[in-house]
Amino acid sequence: MIREMRAAIFDLDGVIVDTAKYHYLAWKRLANEYGFDFTESDNERLKGVSRIRSLEILLEIGGLTFDNIKKTKMADKKNDWYVDSISQMDASEILPGVVEYLKNIRAKGIKTAIGSASKNAPLILERLGIISLFDVIVDGNKVSKAKPDPEVFLRAANELAIHPYNCVVFEDAEAGIQAAISAGMGVVGIGKPSILKEADMVMGGFYQLEMILGTYLKT
Ligand code: BG6
Ligand code: MG
C-alpha cells in the first residue's frame, strides 16, 4: 500500500540533534550524587520518555523511592544541569542531512512539524536556528500524555490539518515508534534496526533519506 506523505513529523532529541549525551551526563551526575551508577545502556530506557518518568526509571535502577515533592526537586536539579549544557549548543550540532531533508520536502509542499516530549524543545530549536523550518511545534509543554501515547503526534497532525494517514513520523525511540503506530501514521526509525523493530523502515540518519519524498512505501 502506498501512503502519500503530506506531512512529516519529527521527534527532536536523537532525530534532529544528539541531546541524548547531555541528558545522559545530567542523569548520571544525579545518580552519582545518590551513590549509584547509571550506564549508557540504562540511558536507552529513557529515550523518548518524559522527564518525570525518566527520573522514576533512574530511581528504579538505583533501588530508591522518594515522595513527589522530592522527585520534583530532583528532576528540576537534573534539568538545570541539562539546560546549562544545551544553552551552549549551536547549528553545528544538527545531525547530518537534517536541514537538507527539511528544505527538500518543504520545497515539495510537504508540511513539517516537531512532535517532542521535551519541555526544552523551544530553547533547543532556537539555539539551532531552525524554528522557521517547521510549520507546527508540539512539545512537552503542550501535551499531557507522554509517548507511547499518540497525543503529541495527533495534535501535530490536527494543527497541520493533515489526516494522520498522510503523516510520517521520524523517531529514534521505541516509545515514539509505538506512539506513531497508535496514531495510525507511517514511521521511519532513525537508528538501529535491532532496537527500532516495529518501524516501517529504519535508517541510520537523514543523509540516507533522499528517497522518501512525496510518496512513502508502507511495507
Ligand atoms: C525526549 C527525550 O525527547 O524528551 C527524553 O528523548 C527526555 O530523554 C524527554 O526525558 C523530556 O525532555 P525534557 O527536556 O523536557 O526534560
Ligand atoms: Mg528522541
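Whatever order the structure lists ligands and atoms in, that order sets their numbers, starting from 1. Worth saying up front: this structure is predicted, and the values here are computed from it rather than measured. Residue indices begin at 1 and follow the sequence shown.
- Panel detail: the Mg ion (ligand 2) has protein N, O or S atoms under 2.8 Å away, 3 in number.
- Using a 4.0 Å cutoff on heavy atoms, G140 does not count as a contact of ligand 1.
- Side-chain contact between D11 and F170 is absent, with no heavy-atom pair separated by less than 4.5 Å.
- Taking the six-membered ring for Trp, F206 and F10 have ring centres closer than 6.0 Å.
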Between side-chain atoms of residues 171-189 and protein atoms elsewhere (two or more places apart, or another chain), which donor-acceptor pairs fall under 3.5 Å?
unit_1, atom_1, unit_2, atom_2, d
E171, OE1, A173, N, 3.1
E171, OE2, K147, NZ, 2.7
Q178, NE2, E198, OE1, 3.3
Q178, NE2, E198, OE2, 2.9
S182, OG, Q178, O, 3.0

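- With a heavy-atom cut-off of 4.0 Å, K119 touches ligand 1 through backbone and side chain alike.
- Applying the side chain to side chain contact (heavy atoms under 4.5 Å, CB included) criterion to V202, with sequence neighbours excluded, gives P193, L196, A199.
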Donor-acceptor contacts under 3.5 Å from residues 59-69 side chains, at least two apart:
unit_1, atom_1, unit_2, atom_2, d
E60, OE2, R45, NH2, 3.1
D67, OD1, I69, N, 3.3
D67, OD1, K70, N, 2.9

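- G48 N, 2.7 Å is the protein heavy atom nearest to atom 6 (O) of ligand 1.
- Of the protein's non-hydrogen atoms, R51 NE, 2.8 Å is the one closest to atom 16 (O) of ligand 1.
- A salt bridge is defined here as a Lys NZ or Arg NE, NH1 or NH2 lying under 4.0 Å from an Asp or Glu carboxylate O, and K111 with E159 fails to meet this definition.
- Looking at K78 next to ligand 1, no N or O pair under 3.5 Å apart turns up.
- The shortest N/O to N/O separation between K47 and ligand 1 does not fall below 3.5 Å.
- Summarising the geometry of G14 relative to I190, their closest heavy-atom pair is O-CG2, 4.4 Å, with the distance given to 0.1 Å.
- A salt bridge links R53 with E56: the closest approach of a Lys/Arg side-chain nitrogen to an acidic carboxylate oxygen falls below 4.0 angstrom.
- Heavy atoms from both the backbone and the side chain of S118 come within less than 4.0 Å of ligand 1.
- Ligand 1 lies nowhere less than 4.0 angstrom from a heavy atom belonging to G14.
- Of the listed residues (D13, V49, D11), the one carrying the non-hydrogen atom nearest atom 9 (C) of ligand 1 is V49.
- Here the CG atom belonging to L154 is positioned 9.0 Å from the NZ atom belonging to K145, to the nearest 0.5 angstrom.
- The N/O atoms of W27, backbone and side chain alike, include none that comes under 3.5 Å of an N/O atom in ligand 1.
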